[in-house]
Every structure is written in structure tokens, then in C-alpha cells.
A.B. asks: 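One structure follows; several queries about it will come next.
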Amino acid sequence: MKFSRTLIPTLKETPADAEIVSHQLMLRAGLIRKLASGIYNWLPLGYRVLRKVENIVRQEMDSAGALEILMPAVQPAELWQSSGRWDHYGKELLRFADRHDNAYCLAPTHEEVVTDIAKREIRSYRDMPLNLYQIQTKFRDEIRPRFGIMRAREFLMKDAYSFDVDDQAAAASYQVMHQAYTRIFERLGLRFSVVEADSGAIGGSFSHEFMVLADTGEDAIVSCGGCGYAANLEKAEAVASHAGAPEPGPATAEVATPGAHTVEEVAEFLGVAPHQIAKTLIYLADGQPVAAMVRGDRELNEIKLKNQLGAAELQLAPPAVIQEVTGGPLGFSGPLGLEVPVWVDHELLQAPALVVGANKADHHLTGLHLQRDVPQARPADLRVIAPDDACPRCGGELEFARGIEVGHIFRLGTKYSTAMGAEYLDAEGQSHPIVMGCYGIGVSRIVAAAIEQGHDDNGIIFPLPIAPYSVTILPLGHQGPVMEKALELYRQLGQKGVDVLIDDRDLRPGVKFKDADLVGIPLRLVVGNKGLKQGQVELKHRADGRVEMLPLEQAADSLVEMVNQGGGQTL
RNA sequence: CGGGACGUGGCUCAGUCUGGUAGAGCACUGCGUUCGGGACGCAGGGGCCCCCGGUUCAAAUCCGGGCGUCCCGACCA
């Protein structure tokens with residue numbers, strides 16, 4: 001492609017409404033433009049990147065035996081009512097009516113439609129295993145779209161769904177996808193980590209997330225170098241020590257703690273360490289109050305609590321409810337005398353004496369021994385794992401990192417097939433619900449994630465496999481031998497199947513250098529008078545800045561070799 | 001949905017407090033010089049100052065109401 005013939009509107013200045021690097025650089029490099037909040041146009045250069053990501057995903061899904069289909073973005077309400085999600089999905093589901101006043105939605109995901117396909121087309125155990133996937137536009141009416149393409153309302157997703165006869169077969173299908181995903185992210189040229197994850201509202205037995213590692217990532221993850229354990233912070237287990245329960249000390253005593261609400265204030269006032277204090281938090285789980293306790297220096301993991309309770313919704317109780325449940329104001333809650341269920345983080349059982357709220361304004365209790373004083377307390381893993389925690393598998397040291405979720409695989413079990421009546425007949429003629437799995441990849445998000453991971457002060461550094469062009473040629477001059485040689489190289493590379501962009505604009509060299517860096521093309525070939533006099537062209541690697549001089553006659557072949565070895569694609 | 005900020009040529013922003021002819025840099029067009037890291041000179045084009053209403057002789061500027069965008073939080077593959 002000739003630069004002068006395409007549309008790559010680069011910007012010198014950073015647009016004011018872009019906060020994170022990937023968003024800024026995608027705008028500056030002319031990959032995307034915003035149409036509305038969370039809704040973007042993909043310009044030629046950006047769309048090439050998107051298509052290259054898509055190609056790799058498609059190739060690996062195909063070779064894993066999945067079958068590509070295309071499902072509609074507009075879906076009738078009835079389907080969503082049959083799964084129960086029309087009422088439960090919430091406002092993220094964009095609903096509207098057609099001219100006949102029939103209700104529809106823009107699909108945020110496709111379990112309903114694909115289960116409907118399975119229900120209609122799968123009759124026998126002989127029809128499985130089956131895996132159907134699509135690469136298609138999703139719409140989620142996010143409360144707050146942000147970070148450009150990273151959390152957009154409309155985005156491109158690869159979603160796959162597996163259908164199996166039983167859990168064992170479903171586990172095998174899950175493994176196949178796990179491997180396919182690993183190959184996909186390796187081929188994309190991204191540093192990533194596979195972590196255990198909470199399966200969330202979609203349900204199912206367990207799941208893994210594929211995280212692109214980047215300091216700016218929205219998710220925190222932990223991993224163990226020793227045994228390979230890795231998990232989302234939301235999910236990571238905090239193991240209890242196996243030491244026996246400590247002997248109780250003297251009975252509890254009430255102390256006045258005027259004005260001390262927070263753990264820090266109470267610790268300071270009483271001259272104890274925060275870990276000797278227990279926080280008691282009052283939650284509403286599906287509207288029912290419960291108490292949950294963690295050590296003062298710990299953070300409660302709401303997802304763990306929610307899962308323990310089997311609750312669909314969990315939120316901190318408002319002050320009025322706290323007053324009603326505990327008899328005291330916010331900030332002085334404790335477990336004694338509560339009639340609601342009390343859940344305690346198992347770590348607390350090791351404490352011989354705890355400071356807790358007295359359920360009375362400006363008062364706390366000291367010397368609380370959980371087993372003695374709150375025998376009905378139910379121990380569980382309720383807290384967020386912390387840097388001083390050991391690996392829950394091998395006891396080794398944990399590393400903390402940040403990541404961007406780009407893939408998520410779930411086992412769905414029979415949630416949708418049962419709700420929607422998708423069944424098959426086994427060899428004995430018995431009817432069973434189909435066992436499903438679902439597997440998502442945020443295709444457009446990968447583009448942003450790749451940029452979060454690969455950039456420097458000068459712009460984007462694309463991995464070769466997804467770079468919009470593998471090679472860019474910069475003729476430092478607009479005519480004469482420089483341009484002739486540059487065009488010759490351009491033709492040679494093109495004929496050999498290399499995606500190449502030649503900057504044939506009549507501009508000063510500096511502008512071309514800046515744009516080439518900004519746009520992030522991995523291999524840059526500079527054709528200038530200096531080099532040509534020695535029969536050479538200069539090759540610069542975008543990633544590490546390495547420069548080498550290549551003899552003119554061999555340049556094309558060398559480049560082809562590099563592109564092929566680096567997994568470069570031709571669109 | 002709670003809190004905050006912002007809306008002025010394509011982009012980045014000044015001007016708003018204290019009402020009085022709409023500005024700068026970049027980008028764009030033409031000419032000339034320049035040409036290995038975002039050149040320079042000259043000459044140009046381009047604005048419903050987010051929208052609606054109000055106050056005023058006069059509103060980008062003051063007042064009221066909308067709309068939009070971004071950030072933090074809550075929420076979310």
C-alpha cells in the first residue's frame with residue numbers, strides 16, 4: 001500500500017478525552033475514531049490489525065475443530081425470556097421494540113441463540129461433541145464505557161459454545177479450548193497468563209481467564225513460580241494455617257472508644273495492631289442481612305462471600321439496616337448478640353483475643369474469642385489474598401501482577417440447556433440435557449491490550465503477527481533513484497506476500513520517521529542517498545531500535561525471511 | 001446511579017472571573033526556499049463559541065433548563 005493512497009490520519013497531539021496509552025495511541029496513529037461514547041469507527045490501519053487478530057483466532061479455532069457460524073445481533077425477547085435472562089440481565093441489555101411493538105434486544109452474548117440452535121438441531125449423542133463459534137459484534141450498554149476500545153459498548157468478540165453428552169466429555173472439550181486459546185495468544189505475540197477465575201453470573205463449575213500482562217491492566221492476578229498456580233485476585237484462595245485454635249483469654253470487656261470508627265482509629269486509640277482487630281461488615285444478600293468478619297488489616301472479597309452465600313446480589317447494607325440489625329450505628333458493629341448469620345474469615349479463628357465493635361456508639365469489645373463467644377460463626381475463606389499469603393497449592397511465594405482480560409472460558413453445565421429444553425437421546429434412548437461450555441475472546445480488546453503491552457514514548461510497537469503492515473519503506477526523497485529503488489523493493493516484497501507500506505508522500509524525512517514510529521510497524525526500511533551510494537539500505541527494528549545495513553540486492557529476501565520467521569501475516 | 005471536570009475552526013488550547021469587532025499554535029490551500037528525526041517565509045480558506053430560553057443597548061462571557069463528553073466510585077466478559 002502506498003501511504004499517499006490510504007487513509008492514515010495521524011495526530012501530533014493527544015486528544016483530550018483519551019486517558020490511557022492504548023486509547024491515545026490508537027487515536028493518534030489513526031486506527032480508530034470515536035462515533036459516540038463507547039462506539040468507534042475502525043479506520044483502514046486499525047481494521048487491518050483487527051482482521052489480523054481475527055485471522056489468528058479463526059485459524060486456531062478451526063484447527064481445534066470448532067465450526068464457524070454467524071448469529072444475529074438483533075434477537076427476539078422471547079428467547080431471553082425462556083432462559084430467564086430478559087428479567088435478570090439488567091440495563092446492560094439494550095432493549096427496543098420494532099414497528100409491530102415486538103420486543104427485541106441487541107445481543108450482549110449468544111448463549112440463548114446458540115442453545116436454541118442446539119435444541120433444534122442436536123437430537124442424538126452421535127451429534128456431539130460439537131463446538132460452534134462466531135466472530136461477531138456484541139453490544140453491552142455499559143454504565144460507564146471507558147478507555148476507548150478497551151471497554152466499549154459495541155465491540156468485536158469471538159464466542160464459542162461446546163455441546164457434550166456429559167461432564168466428562170465437556171471437560172475434554174474445555175481442555176481443547178484451553179489449548180487452542182494458549183496457541184492463539186502465543187501466536188498473537190503477547191505476554192499472557194492463564195489464571196483461575198470466578199465464573200460470575202454466567203454460572204458453571206470453574207473457569208479460566210487469559211490475561212495479557214500490562215501494568216495498566218484492570219485486573220490483579222497472583223501467580224506462583226514454584227507450582228504454576230495462577231489466579232485472578234478475585235478468586236485466589238487464602239489458605240488458613242493449620243495451627244489449632246488458641247486458648248481463650250479473659251472474658252470480653254467493653255471499652256469506650258469515642259470517635260474511633262475506622263480500624264486505624266481504633267488501633268491507635270487502644271494501642272493494638274490492626275490485625276488484632278476484626279471488622280464486622282453488614283451486607284444485604286438478596287435483601288437478607290448477614291454479617292461478615294475479616295481481620296482489620298484485610299480486605300473482604302465480596303465475590304467469595306457472594307459465592308459462599310449462593311447469593312445473586314450482594315451489597316453493603318445501608319446505615320439504617322445496620323442500626324436495625326446490630327442496634328448500633330455504622331462503624332461499631334460486632335458479632336455479639338447478632339441474630340443474623342455471622343460468617344467469619346477462617347484466619348480469625350487463630351486469634352486468641354480480638355477487638356470488635358460493641359454494637360453501640362463509641363464502644364468496642366476487647367478479648368473476643370470467636371469459638372467461645374460466637375459459637376454459631378461460620379468460618380470460610382472470605383478475604384482478598386495479600387502479599388504475605390503463601391501459594392494455596394504449594395506454599396511457595398506468590399507474585400502479584402496486573403492483566404487485561406482478553407479471553408475467558410467457562411463450563412456452563414446444563415444451565416441453559418435445562419432452562420431452554422435442549423436435550424438429546426443417549427444410546428439407550430434416554431433423554432438428557434446437553435452439557436455446555438462457553439469460550440470468549442475479546443477480539444477488539446486484544447488490539448488495545450497489545451498496545452498497552454507494546455509501546456514507548458514514540459508510539460505503538462506491534463508484534464509482527466498483528467501489525468497492520470509487516471514492513472514500511474521510507475524513501476527519503478520524492479523522486480530520482482531513491483524513489484525508484486524504494487518502489488522496486490516495494491514491488492518485490494509485495495510479490496513475495498509481505499504486507500508492506502511505502503511512505504511515498506512528498507514530506508520531509510522527520511515526518512516520515514515520526515509517523516512510522518507512531519504507527520508501530522515492526523520493520524522499517526530506509527532508502528536514502530547515503531546508503532544507496534554504498535548499495536545499501538537501512539533496516540531498523542521498531543521493538544528494540546536495532547539498526548542494520550542490508551545490501552540492496554538481498555534486502556527483499558532478508559525481509560521475507562524475517563517476516564516469515566516472526567509469524568507475519570498477509571491480509 | 002452518586003461525586004467531579006469540561007464543551008470555542010479538523011487537533012491542542014487561550015479568551016469567561018470583570019459583558020463591548022472571536023484568537024493562538026498545529027493541521028489545510030497556493031507560491032518560494034528547504035530536505036536523514038514532526039523546517040521556514042509570504043499569501044489564503046475555514047466558527048450556530050453544544051442547544052433552548054432569560055437578563056441586557058449589547059452575551060462565548062451573567063442566570064435557568066437541557067444535551068454531550070471525560071475522570072473517580074459503584075457495576076461489569
Side-chain angles (χ1 to χ4, degrees), chain A residues 9-20 23-24 27-28 30 33-39 89-93 107-111 138-148 150-153 155-160 197-204 207-211 218-219 232 234 302-303 306 313-316 318 403-410 438-446 449 457-459 474-480 482-483 503 505-518 524-533 537-538 540 545 547:
Chain A
T10 58
L11 303 173
K12 264 192 199 177
E13 287 173 285
T14 302
D17 52 7
E19 189 69 11
I20 61 167
H23 188 197
Q24 294 173 346
L27 291 167
R28 285 194 54 210
R33 287 292 185 261
K34 184 174 71 180
L35 180 64
S37 178
I39 301 179
Y89 207 94
K91 290 192 176 160
E92 236 178 82
L93 182 65
T109 175
H110 280 68
E111 280 84 5
K138 298 279 182 281
F139 191 91
R140 295 184 187 174
D141 197 2
E142 295 274 354
I143 302 172
R144 178 151 89 91
R146 61 184 128 174
F147 305 148
M150 190 77 85
R151 181 171 298 280
R153 290 196 289 175
F155 60 100
L156 193 65
M157 182 172 179
K158 188 285 301 175
D159 47 326
D198 185 70
S199 46
I202 295 190
S207 77
H208 288 89
E209 287 168 341
F210 287 73
M211 297 278 190
E218 279 194 278
D219 288 281
N232 193 309
E234 294 175 347
E302 294 191 356
I303 289 169
K306 192 169 161 180
E313 265 188 68
L314 182 74
Q315 56 191 25
L316 275 169
I404 300 161
E405 182 190 348
V406 287
H408 200 162
I409 57 181
F410 293 92
C438 93
Y439 316 92
I441 289 182
V443 177
S444 45
R445 180 181 280 185
I446 284 174
D457 290 346
N458 294 317
L474 307 193
L476 299 187
H478 188 234
Q479 62 223 329
V482 163
M483 198 59 182
D503 194 342
R505 296 175 298 174
D506 182 14
L507 290 173
R508 295 164 62 84
V511 179
K512 296 187 181 185
F513 288 135
K514 289 286 183 192
D515 273 348
D517 283 348
L518 177 59
R524 185 181 85 189
L525 218 40
V526 177
V527 182
N529 275 319
K530 273 201 237 166
L532 280 189
K533 279 184 191 142
V537 290
E538 174 193 300
K540 185 166 182 181
V547 174

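Values below: every heavy atom of this structure, side chains too, minus hydrogens, waters and symmetry copies. Just so it is clear, the structure is predicted and the values come from calculations on it, not from any experiment.
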A.B. asks: Nearest to the side chain of A/E405 - B/C76, B/A77, B/C11?
C.D. replies: B/A77
A.B. asks: What is the distance, rounded to the nearest whole Å, between atom CG of A/L314 and atom C1' of B/C76?
C.D. replies: 15 Å
A.B. asks: Using the closest heavy atom to pick a nucleotide of RNA chain B for each, name whichever of A/P509 or A/K91 lands nearer the 5' end.
C.D. replies: A/K91
A.B. asks: Please confirm whether any donor atom in the side chain of A/R151 sits under 3.5 Å from an acceptor in the base of B/C76, or the reverse.
C.D. replies: yes
A.B. asks: Please determine, for the side chain of A/I143, which listed nucleotide (B/G37, B/C75, B/C35) has the closest atom?
C.D. replies: B/C75
A.B. asks: Applying the Watson-Crick and G-U wobble criteria at under 3.5 Å, what pairs with B/G73? Answer none if nothing qualifies.
C.D. replies: B/C1
A.B. asks: Looking across every strand, which nucleic acid part, if any, lies under 4.0 Å from A/G440 by heavy atom: base, sugar-phosphate, or nothing?
C.D. replies: nothing
A.B. asks: What is the nucleic acid contact for A/F147, judged by heavy atoms within less than 4.0 Å: base, sugar-phosphate only, or nothing?
C.D. replies: sugar-phosphate
A.B. asks: Across all strands shown, which nucleotide pairs with B/C6 by Watson-Crick or G-U wobble geometry, both distances under 3.5 Å?
C.D. replies: B/G68
A.B. asks: Identify the residue among A/I446, A/V406, A/D159 that makes a side chain to side chain contact (heavy atoms under 4.5 Å, CB included) with A/I441.
C.D. replies: A/I446
A.B. asks: Figure out the CG/P separation between A/D506 and B/C31, and round it to whole Å.
C.D. replies: 12 Å
A.B. asks: NA contact type, A/R153, heavy-atom cut-off 4.0 Å: base, sugar-phosphate, or nothing?
C.D. replies: nothing
A.B. asks: Partner lookup for B/G46, please. Criteria are Watson-Crick or G-U wobble with both distances under 3.5 angstrom; report none if nothing qualifies.
C.D. replies: none
A.B. asks: Classify A/K512 by what it touches in the nucleic acid, base, sugar-phosphate, or nothing, heavy-atom distance under 4.0 Å.
C.D. replies: nothing
A.B. asks: What's A/K540 touching, base or sugar-phosphate or nothing? Going by heavy atoms closer than 4.0 Å.
C.D. replies: base
A.B. asks: Answer yes or no: is there a donor N or O on one side and an acceptor on the other, between the side chain of A/R140 and the main chain of A/E92, under 3.5 Å?
C.D. replies: no
A.B. asks: Can you tell me how far C1' of B/U33 sits from CG of A/L507, to the nearest Å?
C.D. replies: 16 Å
A.B. asks: Measure from CD on A/E234 to P on B/C76 and round the result to the nearest Å.
C.D. replies: 9 Å
A.B. asks: Give a yes or no answer on whether the side chain of A/K512 reaches the backbone of A/R505 with a donor-acceptor pair at less than 3.5 Å.
C.D. replies: yes
A.B. asks: Touch check for A/E538, heavy atoms < 4.0 angstrom, all strands: base, sugar-phosphate only, or nothing?
C.D. replies: base
A.B. asks: From the list B/G38, B/G37, B/C13, which nucleotide is the closest neighbour of the side chain of A/A16?
C.D. replies: B/C13
A.B. asks: Could you check A/R146 against A/I20 for side-chain contact (heavy atoms from CB on, under 4.5 Å), going step by step and ending with a plain yes or no?
C.D. replies: CA-CA 9 Å; A/R146 61 184 128 174; A/I20 61 167; over 6 Å; no
A.B. asks: A/T14 side chain N/O closer than 4.0 Å to the phosphate oxygens (OP1, OP2) of B/U12?
C.D. replies: no
A.B. asks: Have a look at A/E218 and say if it touches a base, only the backbone sugar-phosphate, or nothing, with a 4.0 Å heavy-atom cut-off.
C.D. replies: nothing
A.B. asks: Does the A/K91 side chain pair with the main chain of A/I143, one donor and one acceptor, at a distance under 3.5 Å?
C.D. replies: no
A.B. asks: Between A/R445 (CZ) and B/A77 (P), how many Å, whole number?
C.D. replies: 10 Å
A.B. asks: For the CG atom of A/L507 and the CZ atom of A/F513, what is their distance to the nearest 0.5 Å?
C.D. replies: 12.5 Å
A.B. asks: Does A/R524 get its side chain close enough to the base of B/G37, under 3.5 Å, for a donor-acceptor pair?
C.D. replies: yes
A.B. asks: Heavy atoms only, 4.0 Å cut-off, all strands: where does A/R33 land among base, sugar-phosphate and nothing?
C.D. replies: nothing
A.B. asks: Just to confirm, is there a sub-4.0 Å distance from OP1 or OP2 of B/C76 to any side-chain nitrogen or oxygen of A/R144?
C.D. replies: no
A.B. asks: Of the candidate nucleotides B/G38, B/C11, B/A77, which contains the atom at the shortest distance from the side chain of A/E13?
C.D. replies: B/C11
A.B. asks: Which one, B/A74, B/C76, B/U12, comes nearest to the side chain of A/R146?
C.D. replies: B/A74
A.B. asks: Side chain of A/K530, heavy atoms from C-beta onward: which of B/C70, B/G38, B/G36 has the nearest atom to it?
C.D. replies: B/G36
A.B. asks: Is there a Watson-Crick or G-U wobble partner for B/G25 with both distances under 3.5 Å, and if so, which one is it?
C.D. replies: B/C11
A.B. asks: Answer with base, sugar-phosphate or nothing: what part of the nucleic acid does A/D517 contact at a heavy-atom distance below 4.0 Å?
C.D. replies: base
A.B. asks: Within this structure, what is the NZ-to-P distance between A/K34 and B/G7, rounded to whole angstrom?
C.D. replies: 15 Å
A.B. asks: Answer yes or no: does a side-chain N or O of A/K12 lie under 4.0 Å from OP1 or OP2 of B/A27?
C.D. replies: yes
A.B. asks: Give one of base, sugar-phosphate or nothing for A/G531, where a contact means two heavy atoms less than 4.0 Å apart.
C.D. replies: base
